Asker: 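Sharing a structure here in structure tokens format.
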Amino acid sequence: MDEKYFPEAIEKKWQRRWNEIRAFEAKSDDPRPKFYCLEMLPYPSGFLHMGHVRNYSLGDALSWFKRLQGFNVLHPIGWDSFGQPAEQAAIKRGVNPREWTEQNIAHMRGQLQRLGISYDWSREIAAHRPDYYKWDQWFFLRMYERGLAYKKMSPVNWCPKEQTVLSNEQSSGGVCWRCGTAVEKRDLEQWFLRITEYAEQLVEQMKEIEADWPEKVLKRQRDWVGRSVGAYVDFAVKESDRKIRIFTTRIDTIYGATAIVLAAEHPLLGELLQESPMKKDVEAFARKVAAERASRKDPTEEEDKKGINTGVLAINPFSGESLPIWVANYVLMDYGTGAVMSVPAHDERDFEFAQKYSLPIRQVIAPVSHNQAAAEPQSTTGSDQSGVMPHAFTEYGVLINSDQWGGKTSEVAMSEMADHAEGKGFGGGAVTYRIRDWGVSRQRFWGAPVPIIYCESCGTVPEAYENLPVLLPDTADFSGTGQSPLTTVPEFVNTTCPQCKGAARRDTDTMDTFVDSSWYFFRYTDPRNELEPFDIAQAAEWTPVDQYIGGDSHAVMHLIYTRFWTKFMRDIGLVSFNEPVKKLLTQGMVTNRVEGTEEWKAMSKSLGNGVDPDDMIAAFGADAARLFILFAAPAENELRWSEAGVEGAIRFLRRVYTAVWQWRERLTNMPAGSWAPAAEEFGSGARALRRKTHQTIAKLTSDLEHLHLNTSVAALMELFNALSDFDIAPVEASDVDAFAVRETLEALVVMLAPFAPHASEEMWESLGHEGGLLNSAKWPLADAELARNEELEIPVQVNGKLRSRVIAAPDVSVEELRAAALADDKVRAFTEGHDIVKVIVVPQRLVNIVVR
RNA sequence: GCCGGAGUGGCGAAAUUGGUAUACGCACCAGACUCAAAAUCUGGCGUUCGCAAGGACAUGUCGGUUCGAGUCCGACCUCCGGCACCA
């Protein structure tokens, strides 16, 4: 230990030592309880940014804490190394994507090591390596076997800028998740994974994680799955044996239906129109709707409602009434059945549509008056004196004009009417979901090839398991036509059929990179397995993940895919649980002021407000930077970058370091063995210091468990301030005082390790523990007896206003406290001359005297 | 429009079950050290009235419950995020 704190030397020293002794490698045959701490794996862009630093500092703090507590901690890292940027580099600069990726990984690995994150490097994985993506292909084939991977021609989301398909999740809001470009629709043959098969489980099993995942992530997933309970009803087409099936959540309003409205793409439309004189007009309308939808600039903007009457009629199976069948742009083919019953009186969209086209509006639900005195029927029924409704009444109520259901409540009617429809065979209760199957085909080179072969005689054939991996060729022609570059590599395309051994062609698309990240953390448990994706027993030992940490940008992408994948793995017997992640923390963004403005925005090159982690380490050291990041704000909040804040962190480290330097000789020169003074030997100053120490241990132990790292650091600072207040020079300190100081410093240094591990190692060694924390340190235990306050300062209020404080013993009785408060001079100044109405005594906390 | 979340000093923030509002840090001010500056150390730091002791007012706004409200209830305002005709 040098006299001055030189982070550069200390950090290098300990990084080397950790590396030599493979300090953070998790062993699977360890009897201690396990803890799996995981951070979202990074894309190897080439450089870490501050968001990464924050993410990994959070995970590392928890890993250190759990390790010191005696857990067997798995803390792995890997690379989400397939994806667009490597391919962009190939297209723009002609570099080889594999080399580009490997160089980036090498550089970023160096950065992580300079940050001193305690990873188990022996388990490092990378998605672009054949020993990994082989298992992506294996999983694809397993899904194919079960009918969960299927191919269909479908309108897909197409990003014109990146020239590729996007999944629904990746084009949420109508824009590309990577570049923000408005997505277009294209018809392409694509592979899909049947995530819809798991829609119910994705919602239902959320209850297993509800308490430990952020509500905002759960909410977005719930909305994304979009579970909706209602009913199907078949409307017979008049003078035909065809039926139109509609989905509704409000079957109780069916007597108010005044039209059936179909989506422009509805498959029955052609047949319905065969004998219709309107055929040409309706088809022209449908084409116009499709064209408008394809060309819209802002896909989130709602269009004006437009429709056309087909002239064909349908029959309401409840009332027997004939209804016109319309086609309109506001009915979507990809939700429900692509057909709705239009109930203008009780649905805002239908209301708007009916007004525009003068369709009848018939009220069939009357509001329930909860408060008869205040009831103002005209304002709530939605109909004015003349019986014309000014707007739709969309709430539940009581049925009117509805045959035998008249007088029943909406709730009762919905259930009875669905049963009725089912009994009569024209419908029944139904649940629909908004979530769509996951399109995974990408017209890309840099991904895992889809392991499917097209044979002229056998058709679509899965590649044989023993032929996996289907290797990605070294390179391809990247000139870019919208087709996969793999089509330009004949050695890849041309193959033999695994069934008939005849000539065949490979699928030239690659898989969405979110396939790679859906199961990667299971691979960490057994990363070199050549026979299966992972050993079932190894995975069972480590998973589910105890704590997962990452950004919330993946709330409906990665985090929903990985839940789906886990349920599939459960169904094929690889794991035995439903949910892969017990606790999720979504960290906030790291922002910096945009120069010349008052705005704080996420660091980025284009805004010029980025901070390079390497510069930061060079200037302040990894420890100070990490300490600041964890201290400055709660983990979920936005973190505003502040160089002055980092300087504050390094000042704190320097002060602690200096204190250790000043005390180290005195503290290593103490009576031997397990010598400890008796309680009564400590002076009041030493007792106060020990009290603060044990209070701090208790606070840190609980705060770290909940990842309240900012308050943890504040508590460590308070503890250090208490040590400074115990103003004794090391040479003058008695053994008893030195004992108290040693207890404090040792606790402080160990508890600082999650935030500043290198400095803590150095200080721990200097306190006489050769080899550092990992050899000899344990998380300290709080002694409740020592932490207890010797006296209490009880606030005394008069009429709820703080007027004085009285000192009392911790075991003071209510009566004593009341007497002391009433006797206090400052209190008496406010009570004198008044009647004391009441005295409230909260034991050990507060006295409030109510006077009049 | 609908659905979430949040509003506390100059700034980041803290505050078990309703019980001392503003811990900890940043910035700022003063002092010590220094020829001087930086660094470091010490002290101060919600607003306001007061020489002081002390008082009054303060957790987005208004109202309520309570002996007591940052915390609970009601209405509203503002900001942030999500969704986008989902029948």
Side-chain angles (χ1 to χ4, degrees), chain A residues 172-174 214-224 226-228 230-231 246-251 253 257 261 263 298-305 328-332 334-343 346-350 352-353 394 432-435 552 555-556 600 627-628 631-634 636-649 651-652 654-655 658 699 702 708 710-721 724 792-805 826 829 837-851:
Chain A
S172 173
E215 179 52 34
K216 67 176 169 181
V217 173
L218 295 171
K219 176 190 178 294
R220 285 187 61 187
Q221 292 208 358
R222 230 177 261 126
D223 290 352
W224 192 259
R227 185 177 193 271
S228 182
I246 62 103
F247 175 74
T248 179
T249 54
R250 290 298 302 274
I251 194 173
T253 66
V261 187
D298 179 0
T300 63
E301 198 186 329
E302 205 167 287
E303 289 175 28
D304 286 341
K305 291 187 176 45
N329 64 341
Y330 77 97
V331 177
L332 308 175
D334 57 8
Y335 182 76
T337 61
V340 303
M341 62 175 194
S342 179
V343 185
H346 305 292
D347 181 281
E348 275 162 26
R349 294 152 301 180
D350 295 339
E352 192 187 330
F353 190 70
T394 57
T432 61
Y433 302 91
R434 204 185 71 132
I435 192 170
D552 64 6
V556 291
W600 291 82
L627 181 66
F628 165 71
F631 170 59
E636 308 76 21
N637 284 23
E638 172 190 336
L639 173 76
R640 294 189 166 191
W641 186 254
S642 154
E643 212 156 277
V646 189
E647 279 162 14
R651 263 199 295 271
F652 172 65
R654 218 180 268 140
R655 279 196 282 255
T658 302
K699 177 164 176 62
S702 133
H708 295 160
N710 56 326
T711 51
S712 293
V713 177
L716 290 176
M717 289 172 167
E718 282 189 57
L719 178 58
F720 182 75
N721 292 344
S724 305
L792 301 174
E793 195 187 62
I794 307 289
V796 183
Q797 301 178 333
V798 179
N799 286 350
K801 291 197 178 192
L802 179 69
R803 295 302 183 189
S804 184
R805 297 178 173 89
K826 288 184 197 149
V837 179
K838 199 198 258 188
V839 179
I840 288 131
V841 181
V842 184
Q844 308 192 357
R845 283 223 85 131
L846 164 141
V847 180
N848 188 16
I849 301 162
V850 185
V851 302

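Scope of the values below: all heavy atoms of this structure, side chains included, with no hydrogens, waters or symmetry mates. Predicted, not measured: the structure shown is a model, and the values here were computed from it. Below, chains carry the letters A, B, ... as their sequence lines are ordered, and counting in each starts from 1.
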Asker: Sub-3.5 Å donor-acceptor pair from the side chain of A/N329 to the main-chain atoms of A/D304, do we have one?
Answerer: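 Side chain of A/N329 to backbone of A/D304, a donor-acceptor pair under 3.5 Å: yes, one is there.
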
Asker: If we only count heavy atoms from C-beta on, is the A/T248 to A/M341 side-chain gap below 4.5 Å?
Answerer: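 They are in side-chain contact.
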
Asker: State the pairing partner of B/G19; accept Watson-Crick or G-U wobble contacts with both distances under 3.5 Å, and report none otherwise.
Answerer: B/C67

Asker: The side chain of A/T249 lies closest to which of these nucleotides: B/A27, B/A87, B/G19?
Answerer: B/A87

Asker: Could you check whether A/R655 gets within reach of a base, just the sugar-phosphate, or nothing at all, counting any heavy atom under 4.0 Å?
Answerer: sugar-phosphate

Asker: Which heavy-atom pair separates A/N848 from A/G800 by the least distance, and what is that distance?
Answerer: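 Shortest heavy-atom contact: OD1-N, 3.0 Å.
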
Asker: Mind checking the C1' distance from B/A21 to B/C76? Whole angstroms is fine.
Answerer: 25 Å

Asker: Indicate whether OP1 or OP2 belonging to B/G4 is found under 4.0 Å from a side-chain N or O atom of A/K216.
Answerer: no

Asker: Output the single nucleotide from B/G19, B/A14, B/A87 whose closest atom is nearest the side chain of A/V340.
Answerer: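 The answer is B/A87.
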
Asker: To the nearest angstrom, how far is A/N637 atom CG from B/G5 atom P?
Answerer: 15 Å

Asker: Of the listed nucleotides (B/U20, B/A27, B/G19), which one gets closest to any side-chain atom of A/V842?
Answerer: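 Of B/U20, B/A27, B/G19, B/G19 is nearest to the side chain of A/V842.
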
Asker: So which heavy atom on A/V850 is nearest to which on A/I840, and how close?
Answerer: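 Heavy atoms of A/V850 and A/I840 come nearest at CG2-CD1, 4.2 Å.
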
Asker: So if I take every side-chain heavy atom of A/A714 and compare against B/G12, B/C24, B/A87, which nucleotide ends up nearest?
Answerer: B/C24

Asker: With a 4.0 Å cut-off on heavy atoms, is A/V850 in touch with a base, just the backbone sugar-phosphate, or nothing at all?
Answerer: sugar-phosphate

Asker: Starting the side chain at C-beta, find the nucleotide from B/A14, B/C85, B/G19 nearest to A/T711.
Answerer: B/A14

Asker: Distance check, P atoms only: B/G7 and B/A27, in whole angstrom units.
Answerer: 26 Å

Asker: Which nucleotide in the set B/U20, B/G25, B/A87 lies at the smallest distance from any side-chain heavy atom of A/R805?
Answerer: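 Taking heavy atoms from C-beta onward, the closest nucleotide is B/U20.
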
Asker: Students often get this wrong, so: under 4.0 angstrom with heavy atoms, is A/R220 touching a base, only sugar-phosphate, or nothing?
Answerer: sugar-phosphate

Asker: Would you mind pulling out the nucleotide paired to B/A6, Watson-Crick or G-U wobble, both distances under 3.5 Å?
Answerer: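 B/U78 is the nucleotide pairing with B/A6.
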
Asker: Figure out the NZ/C1' separation between A/K699 and B/A15, and round it to whole Å.
Answerer: 9 Å

Asker: In terms of side-chain heavy atoms of A/R845, which of B/G25, B/C85, B/G19 is nearest?
Answerer: B/G19

Asker: Mind checking the C1' distance from B/G25 to B/U47? Whole angstroms is fine.
Answerer: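 Their C1' atoms lie roughly 22 Å apart.
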
Asker: I'd like the P distance from B/U66 over to B/C73, given in whole Å.
Answerer: 16 Å

Asker: Can a cation-pi geometry be assigned to A/K305 and A/Y330, taking NZ or CZ under 6.0 Å from the six-membered ring centre and within 45° of the ring axis?
Answerer: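 That pair qualifies as a cation-pi contact.
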
Asker: Quick one: look up who B/U59 pairs with, Watson-Crick or G-U, both distances under 3.5 Å, and put none if it's unpaired.
Answerer: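 WC or wobble partner does not exist here.
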
Asker: If you measure from CG on A/L846 to CD on A/Q797, what distance do you get to the nearest 0.5 Å?
Answerer: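 Going from CG on A/L846 over to CD on A/Q797, the span is 4.5 Å.
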
Asker: What nucleotide, of B/A84, B/A23, B/A87, holds the atom closest to the side chain of A/Y335?
Answerer: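 Taking heavy atoms from C-beta onward, the closest nucleotide is B/A87.
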
Asker: B/A13 pairs with which nucleotide, Watson-Crick or G-U wobble, both distances below 3.5 Å?
Answerer: none

Asker: Any base atoms under 4.0 Å from A/V331, or only sugar-phosphate, or nothing? Heavy atoms, all strands.
Answerer: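 Here A/V331 touches the bases of the nucleic acid.
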
Asker: Under 4.0 angstrom, heavy atoms only, what part of the nucleic acid is A/R651 near: base, sugar-phosphate, or nothing?
Answerer: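 Counting heavy atoms under 4.0 Å across all strands, the contact made by A/R651 is with sugar-phosphate only.
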
Asker: Distance check: side-chain N/O of A/R434 vs OP1/OP2 of B/A84, anything under 4.0 Å?
Answerer: yes

Asker: Taking only the C1' atom of each, what is the distance from B/G46 to B/C11 in whole angstrom?
Answerer: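 Here B/G46 and B/C11 have their C1' atoms 14 Å from each other.
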
Asker: Using a cut-off of 4.0 Å on non-hydrogen atoms, how would the nucleic acid contact of A/E215 be classed: base, sugar-phosphate, or nothing?
Answerer: nothing

Asker: Name the nucleic acid region contacted by A/D334, choosing base, sugar-phosphate or nothing; use a 4.0 angstrom heavy-atom cut-off, strictly under.
Answerer: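 A/D334: no heavy atom of the nucleic acid under 4.0 Å.
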
Asker: In whole angstrom, give the distance that lies between atom CD1 of A/I840 and atom C1' of B/U20.
Answerer: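 One finds 16 Å between C1' of B/U20 and CD1 of A/I840, rounded.
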
Asker: Who is the Watson-Crick or G-U wobble partner of B/C83, with both distances under 3.5 Å?
Answerer: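 Matched B/C83 with B/G1 under the 3.5 Å cut-off.
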
Asker: Rounded to whole Å, please give me the gap between CG in A/L846 and C1' in B/A15.
Answerer: 15 Å

Asker: Pairing check on B/U42: which nucleotide meets the Watson-Crick or G-U wobble criteria with it, both distances under 3.5 Å?
Answerer: B/A30

Asker: Look at all strands and tell whether A/R803 reaches a base, only sugar-phosphate, or nothing, counting heavy atoms closer than 4.0 Å.
Answerer: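 Here A/R803 touches the backbone only, sparing every base.
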
Asker: Count the heavy atoms belonging to other residues, nucleotides or ligands that lie under 6.0 Å from CD of A/E638, then report whether that count exceeds 12.
Answerer: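 Yes, CD of A/E638 has more than 12 neighbouring heavy atoms, counting only those of other groups under 6.0 Å.
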
Asker: How is A/N848 classified with respect to the nucleic acid when contacts are heavy atoms under 4.0 Å: base, sugar-phosphate, or nothing?
Answerer: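 The residue A/N848 makes base contact.
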
Asker: Rounded to whole angstrom, note down the P distance from B/A75 over to B/G4.
Answerer: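 It comes out at 13 Å once rounded to the nearest Å.
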
Asker: Could you tell me if the side chain of A/D552 sits less than 4.5 Å from the side chain of A/K216, heavy atoms only?
Answerer: yes

Asker: From CD1 of A/I794 over to P of B/U20, roughly how many Å is that when rounded to an integer?
Answerer: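 Atom-to-atom, A/I794 to B/U20, this comes out as 11 Å.
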
Asker: Are the charged groups of A/E215 and A/R222 less than 4.0 angstrom apart, N to O?
Answerer: yes

Asker: Quick check for you: among B/A87, B/U20, B/A14, whose closest atom lies nearest to any side-chain atom of A/T248?
Answerer: B/A87

Asker: Please report the distance, rounded to the nearest Å, between CH2 in A/W641 and C1' in B/C11.
Answerer: 17 Å

Asker: Whether A/N329 contacts B/C85 is assessed here as follows: a side-chain N or O lying under 4.0 Å from the phosphate OP1 or OP2. Is that the case?
Answerer: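 It does not, given that no N or O in the side chain of A/N329 lies less than 4.0 Å from OP1 or OP2 of B/C85.
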
Asker: Indicate, with a heavy-atom threshold strictly under 4.0 Å, whether A/G648 touches base, sugar-phosphate, or nothing.
Answerer: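 Touches sugar-phosphate only.
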
Asker: Syn or anti for B/G63, with syn set at within 90° of 0?
Answerer: anti

Asker: A/R640 CZ to B/G12 C1': how many Å, rounded?
Answerer: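 From A/R640 CZ to B/G12 C1': 8 Å.
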
Asker: Can you tell me how far C1' in B/U17 sits from the matching atom in B/G68, rounded to whole Å?
Answerer: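 One C1' to the other, the span is 15 Å.
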
Asker: Between A/K219 and A/V713, which has a closest nucleotide on RNA chain B that is more 5'?
Answerer: A/K219

Asker: Nearest whole angstrom, please: distance from the C1' of B/G4 to the CD of A/Q221.
Answerer: 15 Å

Asker: For A/D350, which contact category applies under a 4.0 Å heavy-atom criterion: base, sugar-phosphate, or nothing?
Answerer: nothing

Asker: With a non-hydrogen cut-off below 4.0 angstrom, is A/N721 in contact with a base, only sugar-phosphate, or nothing?
Answerer: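 The answer is sugar-phosphate, as A/N721 gets under 4.0 Å only of primed atoms, P, OP1 or OP2.
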
Asker: Any idea which of B/U20, B/A14, B/A23 is nearest the A/E718 side chain?
Answerer: B/A23

Asker: Between B/A69 and B/G19, how far apart are the two P atoms, rounded to whole Å?
Answerer: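 Straight-line distance between the two P atoms is 11 Å.
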
Asker: Might you point out which heavy atoms bring A/L802 and A/P795 nearest each other, and give the distance in Å?
Answerer: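 Smallest heavy-atom distance, with atoms named: CD1-CB, 3.6 Å.
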
Asker: Want to settle it: does A/V847 or A/G336 sit nearer the 5' end of RNA chain B, counting the closest nucleotide to each?
Answerer: A/V847

